[in-house]
Amino acid sequence: MLKSLFLRRFSPFLTDIFITSFTAVAGAICNIFLVRIIATGLGPEELGIYTLIRRAVAALLPFTTLTIGIGLARYIALYEGKGQKTGIVLPSALAVSLSCTFLFCCASLPFSGLLSELLFNQKGTELLFILILFLLIGENFYLCLYAYYRGRQKILSANIWNILIIGILPISIAGFFIQWKNVTFIIFGIGCLFYLSLIGLIPKVIKGIRSTSREEFQSMTKKLLTYSIPRAPGSVALTLIFTFGILISPYAGGIANAAYLSIGIWIFSILEVATSGFGMIVLPKAAGFVGSGNEQYLINKLRSMYDLILHIGLFTVIQLFLIVDFLIFIWLGFKYSEAVPIARIIFLAMIPFFFYTMMRSIIDAIEKKAINAFNLYIGLIITISSSLILLKLGLGLIALAIGFDLGLIALGILTHNFMKKRYHIKFLPDNFYSVLLINILMGLFIYFLKYEMISNRFSYQNLAIVLSVQVLCGIIYLLVLKKLGSTWIRDLEERISVRRMMN
């Protein structure tokens with residue numbers, strides 16, 4: 001009903017982005033409530049354990065699955081663009097990722113005591129490491145199912161699974177198990193949810209195996225390995241940029257530090273949903289254009305993408321920087337105030353990272369070489385080296401936040417350099433200085449409201465006042481951008497107009 005009444009006004013591409021972005025936002029909101037349940041019900045140390053387990057899984061997944069999801073989505077979309085059958089792609093991808101995951105789990109299980117002590121900086125945490133292995137296998141199933149739907153461009157099906165497994169059901173699990181005051185019960189319950197993906201996977205895998213020969217299976221497996229192996233270390237590198245500081249934070253003052261550092265990164269990740277929807281949709285779309293020889297269409301739209309990143313990024317960074325303390329207080333309470341300066345530092349890398357997330361899917365679709373992986377290696381090296389140097393200088397958690405920023409800034413610069421070399425497009429729009437001035441003036445206005453008129457006193461009423469004014473500023477900002485002739489707004493209007501004419 002929603003799609004027939006509202007989404008029919010938009011092009012299929014915009015519809016897919018809207019659905020995916022809406023689901024990502026809903027999932028992010030669910031994650032906010034999940035973290036709040038753990039933070040308020042169990043405290044900073046248990047939240048730190050949850051954070052370390054989730055980040056460890058995120059760091060290991062690209063390695064144990066060889067980032068097979070990217071190759072799975074790409075080859076399904078590419079083959080459909082060429083009119084070839086796609087049935088064997090999912091069984092081949094699942095065989096590759098499961099083999100790697102089981103191999104890793106079997107090799108690391110005998111050393112669970114040592115590895116858990118290294119990760120948590122505590123003895124007697126073997127069970128926590130076993131939970132990590134349990135999550136790795138389950139998430140492997142989920143990622144393959146989600147990538148399959150992305151490749152087939154069945155976006156609604158992909159997002160239904162996403163909101164259930166990543167969003168709604170984990171809150172129910174946490175709400176039920178919180179009464180036992182043990183975060184391991186919550187983590188185990190959430191891990192079980194990923195195994196529900198087998199319901200969707202098994203019929204598709206059986207059908208794919210029955211419809212293809214052994215030679216086709218071997219050929220497809222080889223192609224997936226050739227495509228995915230060079231990219232796997234890159235995905236590990238990206239996860240480690242986000243995870244390195246959290247993993248070593250217990251050595252800088254205890255497990256609770258992992259929670260404080262994670263809060264800023266969580267908010268940062270929540271804002272990433274603004275671009276994640278685009279990235280998830282554009283990879284199979286771009287691969288389809290390349291397969292059909294229509295790459296020029298993508299080139300024509302790059303200016304709009306660049307302007308969208310800069311215009312929305314500038315406004316978001318400035319406005320969020322000013323009110324992040326209020327957001328953390330209402331989310332987790334005053335006892336997490338140590339996370340406020342860390343979060344503000346982390347937000348400074350938002351625009352470079354937004355640029356990377358918007359461009360990486362295009363690069364993966366148009367370029368067989370693992371360009372993103374190479375850039376990620378450089379970013380990770382910068383993150384690790386700068387974090388360790390600044391830690392040595394005694395900056396504590398701030399050192400880890402700055403190191404995180406420097407790695408992402410380098411990643412954004414390297415991504416821009418590749419796009420500029422290939423397509424000769426400049427990053428800054430012609431109206432950049434006008435846009436910058438508008439954002440500075442709006443930032444000063446919110447600063448005066450928050451720090452002068454309400455004296456930076458936190459209350460639900462003051463937060464509502466500030467947020468309402470920020471929303472008003474956002475509306476005015478969009479109107480001004482339209483008046484200035486912003487390319488991405490014009491393209492958006494054209495897509496809506498074309499869709500209306502078709503109806």
Side-chain angles (χ1 to χ4, degrees), residues 55-74 96-97 100-101 104 118-119 136 143 147 224-249 261 265 268-269 272 275-276 279 283 286 309 345-346 348-392 399-423 427:
R55 290 297 175 180
V57 171
L60 291 171
L61 267 175
F63 171 72
T64 58
T65 64
L66 299 180
T67 62
I68 207 71
I70 298 175
L72 173 57
R74 179 185 186 271
V96 169
S97 60
C100 295
T101 302
F104 174 83
L118 288 174
L119 178 60
L136 280 174
L143 290 175
L224 285 169
L225 287 171
T226 302
Y227 181 84
S228 298
I229 287 177
R231 286 167 169 78
S235 296
V236 173
L238 176 60
T239 308
L240 284 176
I241 291 174
F242 275 81
T243 306
F244 175 76
I246 295 172
L247 294 180
I248 68 170
S249 59
L261 186 61
I265 294 178
F268 190 97
S269 300
E272 185 191 346
T275 57
S276 64
L283 173 62
I309 295 164
I345 293 172
I346 287 173
L348 299 178
M350 192 175 296
I351 294 177
F353 184 66
F354 276 7
F355 182 76
Y356 163 75
T357 58
M358 292 282 280
M359 295 297 114
R360 65 181 173 185
S361 294
I362 294 176
I363 294 174
D364 275 331
I366 65 176
E367 180 60 58
K368 290 184 178 181
K369 295 180 181 179
I371 300 298
N372 286 325
F374 176 78
N375 294 341
L376 285 163
Y377 303 150
I378 302 299
L380 177 60
I381 291 171
I382 292 174
T383 293
I384 294 175
S385 58
S386 58
S387 296
L388 295 178
I389 291 171
L390 294 172
L391 270 178
K392 196 70 174 178
L400 303 179
I402 295 174
F404 173 82
D405 278 5
L406 293 176
L408 292 186
I409 290 170
L411 180 60
I413 292 173
L414 291 169
T415 301
H416 168 64
N417 287 343
F418 172 82
M419 297 297 291
K420 183 178 181 180
K421 182 177 180 180
R422 184 170 182 127
Y423 295 126
F427 180 70

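Side-chain contact check for Phe242 versus Arg55: some heavy-atom pair is nearer than 4.5 Å. Proximity of Ile346 to Phe353: side-chain heavy atoms (C-beta onward) are nowhere separated by under 4.5 Å.
With rounding to the nearest 0.5 angstrom, the CD1 atom of Ile345 is 10.0 Å from the CG atom of Leu261. With rounding to the nearest 0.5 angstrom, the CE atom of Met350 is 8.5 Å from the CG atom of Leu348. Within the model, atoms CD1 of Ile248 and CG of Leu119 stand 12.5 Å from one another, a figure rounded to the nearest 0.5 Å. The CG atom of Leu224 sits 7.0 Å away from atom CG of Leu72, with the distance rounded to the nearest 0.5 Å. A distance of 10.0 Å separates OH of Tyr377 from CD1 of Ile381, quoted to the nearest 0.5 Å. Summarising the geometry, atom CG belonging to Leu400 is positioned 9.0 Å from atom CG belonging to Leu390; distances are rounded to the nearest 0.5 Å.
Residues Pro62 and Ala59 approach most closely at CD-O, 3.5 Å, considering heavy atoms. In terms of heavy atoms, Gly403 sits closest to Ser386 at CA-OG, 3.3 Å.
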Let me see the working for Phe355 and Ile351 under side-chain contact (heavy atoms from CB on, under 4.5 Å), right down to the final yes or no.
CA-CA 6 Å; Phe355 182 76; Ile351 294 177; 5.7 Å; no
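With sequence neighbours left out, Leu380 forms a side-chain contact (heavy atoms from CB on, under 4.5 Å) with Ala237, Leu240, Ile241, Ile384. Among residues two or more places apart in sequence or in another chain, the side chain to side chain donor-acceptor pair (under 3.5 Å) test is passed with Ser97 by Asn140. Scanning for side-chain contact (heavy atoms from CB on, under 4.5 Å) contacts around Leu61 gives Val57, Thr64, Thr65, Leu136, Glu139, Leu143, with sequence neighbours left out. For Phe63, the side-chain contact (heavy atoms from CB on, under 4.5 Å) partners at least two apart in sequence or on another chain are Phe104, Val236.
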Using residues 404-419 as the side-chain source, report each donor-acceptor pair under 3.5 Å to any protein atom, sequence neighbours left out, with the distance given to one decimal.
| unit_1 | atom_1 | unit_2 | atom_2 | d |
| --- | --- | --- | --- | --- |
| Thr415 | OG1 | Leu411 | O | 2.8 |
| Asn417 | ND2 | Ile413 | O | 3.4 |

